[in-house]
Structure formats: C-alpha cells, structure tokens
Amino acid sequence: AQDCLVSNITVKQDFDKYKFQGTWYAVAKKDPVGLFLLDNVVATYKIEEDGTMTASAVGRVIILNNWEMCANMFGTFEDTEDPAKFKLKYYGAAAYLQSGYDDHWVIDTDYENYAVHYACREQDYDGTCLDGYSFIFSRHPEGLRPDDQKNVTERKQDVCLLGKYRRVEHTGFCNTA
Ligand code: DAO
C-alpha cells in the first residue's frame with residue numbers, strides 16, 4: 001500500500017494453510033520494538049486434526065542479563081474471515097521467554113520457496129504501523145532463490161518496510177537432533 005495504511009495492506013489471495021505446512025527458514029527480519037528472536041530462526045507450521053494451524057519455532061535470543069540461548073517457541077493460530085490473516089497466540093517453552101498475541105499475516109508465498117510474513121502490533125493515530133515486525137522466509141536454508149528476490153522486494157515495499165530488514169544468519173546455534 002502506497003499510503004502505508006495497515007488496512008490497505010493486501011495479503012496472499014486464497015491462502016492455503018495446508019500447503020504452507022512444514023519448515024521455513026527466516027532469511028531476513030524487520031524487528032519490532034523490544035526485539036526477541038535474533039537469528040537462527042526456523043519455524044515449522046502444521047495443521048492439527050481439527051484444522052487449527054500451529055507452529056513451533058526456534059531462534060537465538062538474549063534474555064535477562066546477556067544470557068544467550070536457543071528459545072523454543074510454540075504458537076497457535078486463530079482463523080479470521082481472511083484466510084491469510086491469523087491471530088497468533090505464542091509462548092515459550094520456559095516461563096522467562098516472551099509470550100504474546102500478535103497478528104500473523106501471510107503477505108505472499110509460493111508455498112515452495114518463499115514467504116513474506118507481516119505483523120503490526122500497534123497502529124499510529126493515522127492508521128500506519130507504529131510497531132510491527134516481518135519475517136522473510138525461505139524453504140531453503142541457504143536463502144532465497146534469485147528468482148524470488150524481485151517478488152520479495154516488491155512485497156517489502158507493499159508493507160512499507162523496504163530498507164528496514166536485516167539479514168537473519170544461520171550458524172547452527174539452534175541445530176538439534
Ligand atoms: O522476534 O521480536 C520478535 C517477535 C517474534 C515473536 C513471535 C515468536 C513466536 C513464534 C511462533 C511461531 C510463528 C513464527
């Protein structure tokens with residue numbers, strides 16, 4: 001949306017949560033105020049038997065006084081009237097990890113290579129986003145395919161966050177099993 005109004009941001013048409021299932025590697029992120037997940041962020045989406053979408057995610061975080069750890073996070077998605085717009089209730093495996101209730105919009109995805117996520121936590125008086133975050137996800141741990149970069153750049157512009165992203169590194173910090 002050129003005017004940057006949250007209400008004018010368009011999301012993936014006919015979003016298919018079943019096709020969205022599986023593992024996504026965060027390759028870039030625009031942080032919210034009080035950022036939490038730093039890097040090595042990997043999210044796994046799943047549809048439960050009752051049709052509810054859930055996700056588990058890992059990521060490197062720094063809690064309290066510079067204590068670095070790998071956070072295990074869990075989320076449950078509430079459907080809304082738009083299939084690409086969810087409410088995400090999330091919490092950590094440990095009580096000292098962040099929990100919350102955020103929007104979770106899928107701006108764009110081809111299901112097989114890339115996805116652009118967006119969440120606005122707080123709108124300004126004029127309807128623009130005051131505090132939000134966004135993940136660029138790839139199905140490939142090495143990053144986005146060159147073919148998907150143009151699309152992703154356009155979508156970053158659509159959510160008015162072009163130039164606000166940082167790269168999310170994957171160093172193996174949260175690799176398990
Ligand atoms: O990193 O600053 C931040 C905000 C992220 C909070 C959301 C983490 C919970 C993840 C659940 C799975 C969906 C990606």
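These numbers come from the heavy atoms of this one structure, side chains and all, not from hydrogens, waters or symmetry mates. Note that this is a predicted model, so its numbers are computed, not measured. If you read the sequence from its start, that first residue is 1, and numbering goes on from there. Both counts, for ligands and for their atoms, begin at 1 and track the order of listing.
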Going by the order shown, which atoms of ligand 1 are within less than 4.0 Å of some heavy atom of K29? 1 (O), 2 (O), 3 (C)

Counting from 1, what ligand 1 atoms have a heavy atom of L35 closer than 4.0 Å? 2 (O)

May I ask you to check whether N113 and D110 show a side-chain donor-acceptor distance below 3.5 Å? yes

Determine whether V116 and V106 make a side-chain contact, defined as any pair of heavy atoms from C-beta on separated by less than 4.5 Å. no

Looking only at distances, please establish whether an N/O atom of ligand 1 is found under 3.5 Å from an N/O atom of [X].
X: F36; result: yes
X: L37; result: yes
X: H104; result: no

Side chain or backbone of [X] under 4.0 Å from ligand 1, or both, or neither, by non-hydrogen atoms?
X: W24; result: neither
X: H117; result: neither
X: R121; result: side chain

What protein heavy atom lies closest to [atom]? Include the residue and the distance to one decimal.
atom: atom 7 (C) of ligand 1; result: Y133 OH, 3.8 Å
atom: atom 10 (C) of ligand 1; result: A57 CB, 4.1 Å
atom: atom 13 (C) of ligand 1; result: Y45 OH, 4.0 Å

Does K87 qualify as a cation-pi partner of Y101, given the criterion of NZ or CZ under 6.0 Å from the six-membered ring centre and within 45 degrees of its axis? yes

Honestly, is K156 close enough over Y165, meaning NZ or CZ under 6.0 Å from the six-membered ring centre and within 45° of the axis? yes

Step through it carefully: locate the ring centre of F15, locate the ring centre of F20, and say whether they are under 6.0 Å apart. yes

Heavy atoms of other groups near E78 CD, more than 12 under 6.0 Å: yes

Quick one: list whatever passes side-chain contact (heavy atoms from CB on, under 4.5 Å) with I62, sequence neighbours left out. L38, R60, N66, E68

Among G59, A55, A71, closest by any non-hydrogen atom to atom 12 (C) of ligand 1: A55

Kindly assign one of parallel, tilted or perpendicular to the pair F135 and H117, based on the angle between their ring planes and the thresholds 30° and 60°. tilted

